[in-house]
2 protein chains.
Amino acid sequence: MHVQQNSEFDSCLSIPFSRSCPRQPARSLNRTMQNDLTLLQSTSLFSGLSQEDLAGLLARMGAVHRSYNRGVVLVQAGSPNHSVGIILSGRIEAVRLAPDGSPLPITQMGPGGVFGDVLGGSSLCSPVTVTACTPCDVMLIPYQRLLCPDGSAAQQQVLQNLVRTISDKYFLLARRVDLLLLRTLRAKVSAYLLSEADRAGQLTFRIPFTRAQLARYLNCDRSALSRELGRMQREGLLDTYRSSFKLRDLDALRKLSQ
Amino acid sequence: MHVQQNSEFDSCLSIPFSRSCPRQPARSLNRTMQNDLTLLQSTSLFSGLSQEDLAGLLARMGAVHRSYNRGVVLVQAGSPNHSVGIILSGRIEAVRLAPDGSPLPITQMGPGGVFGDVLGGSSLCSPVTVTACTPCDVMLIPYQRLLCPDGSAAQQQVLQNLVRTISDKYFLLARRVDLLLLRTLRAKVSAYLLSEADRAGQLTFRIPFTRAQLARYLNCDRSALSRELGRMQREGLLDTYRSSFKLRDLDALRKLSQ
DNA sequence: AAATTACCGTTGCATGTGCAACAGAACAGC
DNA sequence: GCTGTTCTGTTGCACATGCAACGGTAATTT
């Protein structure tokens, strides 16, 4: 099973859906439930739990299952969010509204991804808007129930996992800071593309951004990004067409990214 | 008692030491222990615990008390870190080494500050070097003992608190990202100074950075920063001399910071 | 198939800012 | 006192990049 968690970017755009339609007859639903448990087990939040413990825990915590269509807003920035969500199928993206109102892409996540966890139960308002990129199935768990210990070993394991999950997100954000700290646009582009190639495991890959989105992500102007990519292409460093990239000179790119 | 936690910047440079020398006769030491407990109670990590619970928990977890002289390295970047530290007195600072080797200030903390918590227990190596700005007293708790539940209510409370603590640090980092995303140097300076004034609670304050450090923090050139500060001073927006600042036109600064 | 929209590359221009170099002030040590 | 070091402000210059505008191509809709 293809599980992606905490992936700040994710170049895999085609997700193999285990279910195209969440509303199914009861017999299929049981089978679906089984699939969900297996997926949840491989999640950073629920790793290390047996299926029995997990099922019991979910019931005690009042976990609910929701389906959303593409484009639906799951979490509205500025309004309080009381649930942790785990993606069962589909993709979601989190964006921030910049002070000037333009959307700033933060992260995208596929099945197994956990969102809404970095609120610390402090009844804080979410700084990001979470929307469904594709039709989604999501499991929602009230944050209070998640944090409030019931004394079970499983629940304590989940708390530990939660610490891990949030720490991982911290490090992802820290890596983004590293990107933003690079001085030249060329360095940013090189660092970003190298990280994407690393994630994809090959030198040819697609990124989950349009040019305009990537420009916002790297905090630069869209035309400047196009210009720089054109230059790098002419210099033989890479090939690119729209969202597709092929890295040609890894060593040079590594040097450029400092 | 003056408690500072999770302060990414902190303009208070003069810390009133409760103890100038940690090595004292037994009678004083007990009194010191009492002070420590009170301070720890007001910490984000140990809030909500009674002194009895806290004392028992610390003993069970194998917490140790260490003193460091100014300049000593508490955590070396790149080497694994197995302990969470809570500052009892003094100040510490965390810096990163940029790819080019220059130090990049990350955070400073005073009494009550918690560090080494964002490692997720995954035996990760610390990305930052933590050093003592002043002579320090620190309480160290093995991360494994902290995460591994013993079934006590106090321990579960600590786990919850740990989630909160890490979440808070995530948001601090997110705010730094916001700073870095601002397009012009003037906007960065305005946003930073406004946040410092907000923290200090007054328009006249000192920042914990030299010009060169602030330039690194805002990701700009030192001379460019001096130039911009000079311009803003001539325009009547603020006054500055070395690390001291006085904001003169709050409205204008707010507009500039977008 | 036509029309509408979104996406992308290109280019000219203005300028903010990195870079290097220098000098004076503050500070520490002797 | 003197000396060396660190911190800071200043300035000239080059250039990377933001900005605006335009046209072309791909994608989507009717």
Completion exercise
Closest to the 5' end of DNA chain D, once A/D221 and B/R242 are matched to their nearest nucleotides, is B/R242
Exercise for the section: Counting heavy atoms from C-beta on, name the nucleotide in D/dT8, C/dC7, D/dG18 closest to the side chain of A/C220. Expected result: D/dG18
Exercise for the section: Write down the distance between CZ (A/R186) and C1' (D/dG18), rounded to a whole number of angstrom. Expected result: 18 Å
Handout entry: Touch class at under 4.0 angstrom, heavy-atom based, for A/S226 against every strand present
Key = base
Problem - Check: B/R231 side chain, C/dG16 base, donor-acceptor under 3.5 Å - result: no
Problem - Distance, rounded to the nearest Å, where B/L218 contributes CG and C/dT17 contributes C1' - result: 14 Å
Exercise for the section: Mind calculating the distance between CG (A/L229) and P (D/dT17) to the nearest angstrom? Expected result: 12 Å
Problem - Between C/dC7 (P) and A/Q213 (CD): distance, integer Å - result: 7 Å
Practice task
Verify the contact: side-chain N or O of B/Y241 to OP1 or OP2 of C/dA26, cut-off strictly under 4.0 Å; return yes or no.
Solution key: yes
Handout entry: Check: A/S244 side chain, A/T240 main-chain N or O, donor-acceptor pair, under 3.5 Å
Key = no
Exercise for the section: Look at the side chain of A/S223 and the base of D/dC19, then say whether one donor and one acceptor between them are separated by less than 3.5 Å. Expected result: yes
Completion exercise
Between CG of A/L180 and C1' of D/dT17 the distance, given in whole Å, is 16 Å
Handout entry: Rounded distance (Å) that lies between atom P of D/dT17 and atom CG of B/L185
Key = 16 Å
Exercise for the section: Output the single nucleotide from C/dC8, D/dT8, D/dG18 whose closest atom is nearest the side chain of B/R222. Expected result: D/dT8
Practice task
Measure the spacing between CZ of B/R211 and OG of B/S243 and express it to the nearest 0.5 Å.
Solution key: 7.0 Å
Handout entry: More than 12 heavy atoms from other groups under 6.0 Å of CZ on A/R66
Key = no
Fill in the blank from the handout: A/N219 CG to C/dG16 P, in whole Å, measures 17 Å
Practice task
Ignoring hydrogens and angles, tell me if any N or O in the side chain of A/K246 forms a donor-acceptor pair with the backbone of A/T204 under 3.5 Å.
Solution key: no
Practice task
Considering just the side-chain nitrogens and oxygens of B/R211, establish if one lies under 4.0 Å of OP1 or OP2 belonging to D/dG9.
Solution key: yes
Handout entry: Under-3.5 Å donor-acceptor pair between A/R227 side chain and D/dG18 base
Key = yes
Problem - Sidechain-backbone polar pair: A/Q108 side chain, A/P208 backbone, donor-acceptor under 3.5 Å - result: yes
Practice task
Round to the nearest Å and state the distance from B/L225 atom CG to C/dT17 atom C1'.
Solution key: 12 Å
